[in-house]
Amino acid sequence: MRRLLRVIILSGIVLTALLLVVAGTGIFVVRHSFPTYDGTVELPGLDADVEVVRDANGIPQIYADKPGDLFAAQGYVASQDRFFEMDFRRHVTSGRLAELFGKDALETDKFIRTLGWRRVAEKELGLLTPATRQYLDDYARGVNAYLNTHSGSGLSLEYAVLSLKGTDYRPEPWTAADSLAWLKAMAWDLGGNMDEEIARTKLAASFPARNIASLYPPYPYDRNEPILSTAAVDQDGQFTTSPVESVARRGMLTKDLLKSLDSVEKVARGLPQLLGRGDGIGSNSWVVSGEHTTTGKPLLANDPHLGATMPGIWTQVGLHCNQVTARCPYDVSGFSFSGLPGVVIGHNGAISWGFTNLDPDVTDLYLEKFSGDGVVYNNRVEPLKTRKETFKVAGEDKEETITVRESRHGPIISDVGEDEREAGKLAAKDKNPQPYGVAIQWTALTPGRTADAIFALNRAQSWKAFRAAATLFEVPSQNLVYADREGHIGYQAPGRIPIRNLGIGDWPAPGWDPRYHWKGYIPFQAMPTEFDPADGVIVTANQAVVPKSYPYYLTNDWDYGYRSQQILDRIRAAGKLDANAMASIQLDTKNRNAELLVPYLLQIGIDDDFDKQGQDTLRGWDFTQPADSAPAAYFNIVWRNLLALTFHDQLPEATWPDGGSRWFEVVRTLMSQPNSSWWDNTTTPQRENRDDILREALIDGRAEITTKMARDPSQWQWGRLHKLTLTNQTLGKSGIGLVDKLFNRGPWELGGGSSTVDATAWDAADGYTVTATPSMRMVVDLSDFDKSRWINLTGVSGHAFTENYVDQTDLWARGETLPWAFTKGAVEATRQHTLTFTRPEG
């Protein structure tokens, strides 16, 4: 994204923008887009007045007589707070970033347009219930009512800066498909193992299978419990997987296949940052029954871990029918995405629910063998589907057009890139070489009804209705936790997860071989579920969902369960829990990896007193990682050095360890293999063993922390290394400090770390900067919803310099939460602003 704004910068717009901010007219420009939270606004199409009550944090609670009015008002309110974010998101999901940011965005646009997110969203409109379709249109009506009276700098400061480039851009009207398309983005963000599939393939070109297996160890069921302890499936037949050593690996590892995968990886790598994803994403959620609580009613906690963006990915909202009836059944509050009607995570008057990513393998790469204008499948040539995609580019009169090709498995994504034709050719070890390409099959490219599921969840009043809603939640597959006022708790895994004839999707498959074709999806009735477990506890933190006895394949790429087991241990040791105790578990910073490694590190002999000082900070450490911890600072530096010394000499740079839970498990295994070849530094003449590398990591870590922080260990603090900067997804990534300061905020010094419960992730291949965070935290008290707590990473506003831009961030960083008013009386007690929507006269 840094390159997207070079034209703006070179045109002198940076200086102009800064002058505008400083000058008197600049104050007007900055404040021009600040929304009005009080007064009366006409909103076409209303049946009756709608009231929006906001508290001091600007969180809107919307009250209406009918659903159509409720969602129209939500669309208007979302536009007030975050229209630029909404507009940016729809440009991302429709592959139209180049219209805003110029040619440097074109490659990303081509990739997304090749995948066809927007096309799929448009097809989904016809599958939805009439009610859902109407709600999406009502929401769009509210958005467009705001657009009809606001433009340019009156919409957002970002438009004022972009307009200085001389482009005459005015957002087009919002549509229902704009809302649905963001679900495709989240499905991409939270589904599939394409990155790991590519990485494993690249490693297979250089290492024997046993070496690769050591980098992808099996899930440690003996130490970290899965979500469910049993996995019985009440239906005939079982699915069995084939060994990894398959045709896909043995016969296709050629130089040009790897080059083709490079092309795919290069373009796909830019998407996570655009979508608000960072390294180390995950989530925690858990629910406990009344036997574990002070009130005798359940408690539910959730904190999804996503990339840290400015504004945060979530927005808080309450949607209330003035009288809850069959015709107006909504009384719900929680977290949603700007641009999407309804509440995604939260509670209504009867139930609460939370999400973590199940992360099943729902994407497969296929190597397709071209023949003329088709591809080979089952010894025949099948025609490729083709379509044209045309791109407008800001600052250029000429449009650019590409041809997208699709096989039976999906779009040919290796066509995207500067040298796509070359990248698609295989100098195969085949007697008769032919051109090849890489296709992607992904469940989210089949139109579905996830939007129906959101509204059904919002309405659900019981476990039965909740599960019925879950049947519609097709992508992305999530772990759903549940609690209700009656005292019940539950778990449901929904989603469209493929059943493969052969293979398990760990490697690119030969597209010409019908044995690798998907043969269907796991039926919903066979998906993992649990209701009122005997122990009264359900914990989901991206760990294995089911034991090995489960007859269907979900994935091998689970989180390794360090977070989930720490949560379980905390709950079991806690006695009776209240909302504060649940929130304290969310803030747990214990590093279970350090708990394993420190005893080994303390056994290493170090002669030099200066070097030994670092090692001594680890003695007596409780393995927690608050921001002011000296041992946490030193250990994480040692950990990063340990990974680099062990693996950087042997692995390709793109596969260097990020330091997350998989690497916890890899190194844990290696600690019992002191003479493993992984320990050897291949750049030196001698052969190193485990203790040699541990000693070097300790000594190098002491030198690094001295350079970065201080000579005296008493001045070491983990938070001084582990900082969070909230970055605007567009102009905040200009790379020009003065411009970035307009939109970005921070840094904040944080505790926690990768694969701790307080999951402030960092990438050991790059540094200690925070890459992903708990994007929100909530604790729902089913005994009294008004005693629930919530906090957002940023604020509800996307307007730089407003009071609610980052007003929740300091609280969030300190681990504090806000009261979550739900009932009418509680909302009234927090009222700071009132906006009334009325029907236009005449």
Side-chain angles (χ1 to χ4, degrees), residues 41-50 52 60 62-83 85-87 89-91 93-94 96 117-150 155 170-186 315 317-322 325-330 332 336-344 447-459 469 472-474 835 837-840:
V41 173
E42 292 184 347
L43 180 56
L46 292 183
D47 286 312
D49 288 356
V50 178
V52 181
I62 306 174
Y63 295 88
D65 287 342
K66 294 186 177 180
D69 292 352
L70 195 63
F71 296 119
Q74 186 185 8
Y76 190 101
V77 166
S79 302
Q80 279 187 303
D81 289 335
R82 297 199 183 185
F83 182 75
E85 179 186 45
M86 294 163 60
D87 199 18
R89 285 177 172 178
R90 69 168 163 180
H91 277 80
T93 56
S94 59
R96 294 172 51 209
W117 291 356
R118 172 74 185 210
R119 289 168 51 85
V120 177
E122 290 172 347
K123 292 177 182 178
E124 287 182 338
L125 289 172
L127 302 179
L128 302 176
T129 66
T132 296
R133 184 68 176 82
Q134 184 60 53
Y135 297 158
L136 290 166
D137 287 340
D138 290 327
Y139 185 90
R141 173 163 52 89
V143 175
N144 293 328
Y146 192 75
L147 292 181
N148 287 339
T149 55
H150 296 78
L155 276 173
R170 181 178 177 89
E172 67 269 27
W174 192 263
T175 69
D178 292 331
S179 294
L180 292 185
W182 185 244
L183 295 175
K184 298 298 148 194
M186 296 310 298
T315 185
V317 67
L319 302 169
H320 310 279
C321 291
N322 287 319
T325 64
R327 290 189 175 184
C328 195
Y330 297 99
V332 61
S336 190
F337 302 127
S338 60
L340 185 70
V343 168
V344 176
R449 296 179 57 193
T450 299
D452 280 339
I454 293 172
F455 293 105
L457 286 174
N458 287 196
R459 295 188 301 264
L472 306 171
F473 205 103
E474 294 167 320
L835 183 68
F837 293 113
T838 64
R839 297 173 60 182

Q | Closest non-hydrogen atom pair, Asp178 against Pro173 | A | OD2-O, 4.0 Å
Q: State, to 0.1 Å, how close Trp174 and Leu147 come at their nearest heavy-atom pair, and which atoms those are.
A: N-CD1, 4.4 Å
Q. Roughly how far, to the nearest 0.5 Å, is CD of Glu85 from CZ of Phe337?
A. 10.0 Å
Q.
Between Asn144 (side chain only) and Ala140 (backbone N and O only), is there a donor and an acceptor less than 3.5 Å apart?
A. yes
Q) Is the shortest heavy-atom distance from the side chain of Pro171 to the side chain of Arg90 under 4.5 Å? A) yes
Q: With the side chain counted from C-beta on, respond yes when Ile62 and Leu70 share a heavy-atom pair under 4.5 Å apart, and no when they do not.
A: yes
Q: Keeping the roles fixed (side chain from Asn458, backbone from Val343), state whether a donor-acceptor pair exists under 3.5 Å.
A: yes
Q. So, Arg89 side chain and Ser338 main chain: donor-acceptor pair closer than 3.5 Å or not?
A. yes
**Q.** Phe71 vs Leu319 side-chain heavy atoms within contact, under 4.5 Å
**A.** yes
Q) Hey, mind stepping through Leu155 and Tyr146 against side-chain contact (heavy atoms from CB on, under 4.5 Å) and telling me if it holds? A) CA-CA 9 Å; Leu155 276 173; Tyr146 192 75; 3.8 Å; yes
Q: Apply side-chain contact (heavy atoms from CB on, under 4.5 Å) to the pair Arg449 and Thr132, showing each step before the final yes or no.
A: CA-CA 10 Å; Arg449 296 179 57 193; Thr132 296; over 6 Å; no
**Q.** Residues that Asp49 engages under salt bridge (Lys or Arg N to Asp or Glu O under 4.0 Å), provided they are two or more places apart
**A.** none
Q | Residue pair Cys321 / Pro329: nearest heavy atoms and the distance that separates them | A | SG-N, 4.0 Å
Q | Any Thr129 side-chain heavy atom under 4.5 Å of Gln134 side chain | A | no
Q: Kindly give the heavy-atom pair with the smallest separation between Pro60 and Val52, and that separation in Å.
A: CB-CG1, 3.9 Å
(Q) Within this structure, what is the CG-CG distance for the pair Asp69 and Leu43, rounded to the nearest 0.5 Å? (A) 8.0 Å
Q.
Between Arg839 and Asp47, does any NZ, NE, NH1 or NH2 come within less than 4.0 Å of an OD or OE carboxylate oxygen?
A. no
**Q.** side-chain contact (heavy atoms from CB on, under 4.5 Å) between Arg119 and Lys184, worked out
**A.** CA-CA 10 Å; Arg119 289 168 51 85; Lys184 298 298 148 194; over 6 Å; no
Q: Check whether any side-chain heavy atom of Thr315 lies under 4.5 Å from a side-chain heavy atom of Val317, and answer yes or no.
A: no
(Q) When you measure from the side chain of Glu124 to the backbone of Gly448, do you find a donor-acceptor pair of N or O atoms at a distance under 3.5 Å? (A) yes
(Q) Parallel, tilted or perpendicular: which one describes the rings of His320 and Tyr63, with boundaries at 30° and 60°? (A) parallel
Q: Could you tell me whether a side-chain N or O of Ser179 sits under 3.5 Å from a main-chain N or O of Gly339, the two making a donor and an acceptor?
A: yes
Q: Just do the salt bridge (charged side-chain N to carboxylate O under 4.0 Å, His left out) check on Asp137 and Arg141 with the steps written out, would you?
A: CA-CA 6 Å; Asp137 287 340; Arg141 173 163 52 89; over 6 Å; no
Q. Less than 6.0 Å separating the ring centroids of Phe837 and Tyr76?
A. yes
Q: Taking all non-hydrogen atoms of both residues into account, name the closest pair between Ala64 and Cys328 and its distance.
A: O-SG, 4.4 Å
Q. What heavy-atom pair brings Ala145 and Pro44 nearest, and what distance separates the two atoms?
A. CB-CD, 4.1 Å
Q) Given Ile454 and Leu340, is the side-chain contact (heavy atoms from CB on, under 4.5 Å) satisfied, shown in steps? A) CA-CA 10 Å; Ile454 293 172; Leu340 185 70; 3.7 Å; yes
Q.
To the closest 0.5 Å, what do you measure between CD (Glu122) and OG1 (Thr175)?
A. 7.5 Å
Q: Please name all residues satisfying ring-ring contact (aromatic ring centres under 6.0 Å, His included) with Tyr139, sequence neighbours left out, ordered by chain then number.
A: none
(Q) Any heavy-atom pair between the side chains of Pro341 and Leu136 that's under 4.5 Å? (A) yes
